[in-house]
Amino acid sequence: MPELPEVETVRRGLAPTMEGALVDAVELRRADLRFPFSEGFGSDLAGRKILSLGRRAKYLLIDLEEDRTVVAHLGMSGSFRIEAGGVSSGKGEPETPGEFHHPRSKDEKHDHVIFHLQTESGPQRVIYNDPRRFGFMHLINRRHIDRYPAFESLGPEPTGNSLSADYLASRFAGRKQPLKTVLLDQKIIAGLGNIYVCEALWRSGLSPERAAGTLVTKAGEASDRLVLLTQKIRDVIADAIAAGGSSLKDHIQTDGTLGYFQHSFSVYDREGHACRTPGCAGTVTRITQAGRSTFYCAVCQT
DNA sequence: ATGGTACCCTGAGAGC
DNA sequence: TGCTCTCAGGGTACCA
């Protein structure tokens, strides 16, 4: 589930439980995810209070006392869920079934990290599940967070005012790489993934195969089409966050509900379906770029 | 630098 | 039912 809107949804889902909570213990069910856990990963966190939850691009940040920060990445298949109750149990308490009650994940064998917390409403467990184990967690010193390798060269967020057409013009100038590839590059924009790049390009009427440099004028300024693309990127991210992200497969949010932006997909995973651009008679096609699927309409995206 | 590929890992779905 | 094949929201290492 992990593009920026999904990670932001996770952050918002975890914050009420985790912020202000005391970490009783961190249970590691295995020695590694994508990378081995650092020495003392769990023991260093035990007994510390969680101050706040943050996010940078697709990274979740858990800020604790004494400048500790857990940098967590969900990879392709990582998710968090919250269960009431103390250490032990294993079965967990019955959860308050909400309107969107979802059956408990069957893959408890992929519960790799469990944060045992003391909160105002009693003991809680925050459980990280990740079948493919492309995710990871690092414990770092928050004062040196800018030197965390993945953050050093990260581009601006596609939210708020961080992203501008002028900035993109400076990065696109002279580039022959296709737009799809360039927009997936976290060093240029941080947080976009396969879904939202496809959707932003469709909303902009731009072909994913177009060379990035063609959106920059000879004077090195942003063309009108690049101004539009910039706005559409911001729009699609904002829309997805407002919808609680996208839930592919049966992915559930921390509170057991589903994000619903997947119902708003215009091209992603819609191969063979009619293009949704008003008046367009095209059909969504799928191509492969840089080893990943790209969905677009060859009629109205040029 | 730029562009392409392989790979990390497990599960789901399609086709036979 | 079961096998094999392909594909999946990401990122990085390695190649020409």
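With hydrogens and angles left out, the side-chain atoms of A/Ser293 and A/Arg286 include a donor and acceptor closer than 3.5 Å. Side-chain N/O atoms of A/Ser162 and A/Glu157 include no donor and acceptor closer than 3.5 Å. Counted by atom type alone, A/Thr69 and A/Arg142 present one or more donor-acceptor pairs between their side chains at under 3.5 Å.
Nucleotide C/dA8 holds its P atom 16 Å from the OH atom of A/Tyr196, rounded to whole Å. Rounded to an integer number of Å, the gap from A/Asp269 CG to B/dA12 C1' is 13 Å. To the nearest angstrom, P of C/dA8 lies 16 Å from CD of A/Glu6.
Ring centroids of A/His112 and A/Tyr128 are separated by 6.0 Å or more, keeping the two rings apart.
Taking atom P on both C/dC14 and B/dC9, the two are 16 Å apart, rounded to the nearest angstrom. Taking the C1' atoms as reference points, C/dG9 lies 23 Å from B/dG3, given to the whole Å.
Within 4.0 Å (heavy atoms only), A/Tyr268 reaches sugar-phosphate atoms of the nucleic acid but no base atom.
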Nucleotides 3-5 of chain B: which of its N/O atoms have a protein N/O under 3.5 Å away?
unit_1 : atom_1 : unit_2   : atom_2 : d
B/dG3  : OP1    : A/Gln177 : N      : 3.1
B/dG3  : OP2    : A/Gln177 : OE1    : 2.5
B/dG3  : OP2    : A/Gln177 : NE2    : 3.0

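Remark: A/Glu65 does not engage A/Lys49 in a salt bridge, criterion side-chain N to carboxylate O under 4.0 Å. Taking a cutoff of 4.0 Å between a charged side-chain nitrogen and a carboxylate oxygen, A/Glu3 and A/Lys58 do not qualify as a salt bridge. Residues A/Arg125 and A/Glu27 are not paired through a salt bridge, judged by the lack of any N-O separation under 4.0 Å between the basic side chain and the carboxylate. Under 4.0 Å is where a charged nitrogen must lie from a carboxylate oxygen, and between A/Arg34 and A/Asp32 no such pair does. A salt bridge links A/Asp111 with A/Arg81: the distance from a Lys NZ or Arg NE/NH1/NH2 to an Asp or Glu carboxylate oxygen falls below 4.0 Å.
For residues 173-188 of chain A, the pairs satisfying salt bridge (charged side-chain N to carboxylate O under 4.0 Å, His left out) are A/Asp185-A/Lys187, with sequence neighbours left out. Within the structure, every pair that satisfies the side chain to side chain donor-acceptor pair (under 3.5 Å) test and touches residues 196-207 of chain A, not counting sequence neighbours, is listed here: A/Glu6-A/Tyr196, A/Tyr196-A/Ser246, A/Trp202-A/Thr277, A/Arg203-A/Asp239.
Ring geometry for A/Phe41 against A/Phe37 counts as tilted: the plane angle lies between 30° and 60°, on a 0 to 90° scale.
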At under 4.0 Å between heavy atoms, which parts of nucleotides 10-16 of chain C does protein reach? Answer with one letter per nucleotide, 5' to 3': B base, S sugar-phosphate only, - none. BBS----
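DNA chain B lies under 4.0 Å from no heavy atom of any residue of residues 213-222 of chain A.
Between A/Glu271 and A/Thr285, every side-chain heavy-atom pair lies at or beyond the 4.5 Å cut-off. No side-chain heavy atom of A/Phe115 sits under 4.5 Å from any side-chain heavy atom of A/Ile127.
Put simply, A/His110 has no side-chain N or O that comes within less than 4.0 Å of OP1 or OP2 on B/dC9. OP1 or OP2 of C/dA8 has at least one side-chain nitrogen or oxygen of A/Ser293 nearer than 4.0 Å. Taking side-chain N and O atoms only, A/Lys109 has a distance below 4.0 Å to OP1 or OP2 of B/dG11.
Base pairing in DNA chain C yields stems of at least 3 consecutive Watson-Crick or G-U pairs, both distances under 3.5 Å, namely B:2-8 with C:10-16, B:10-16 with C:2-8.
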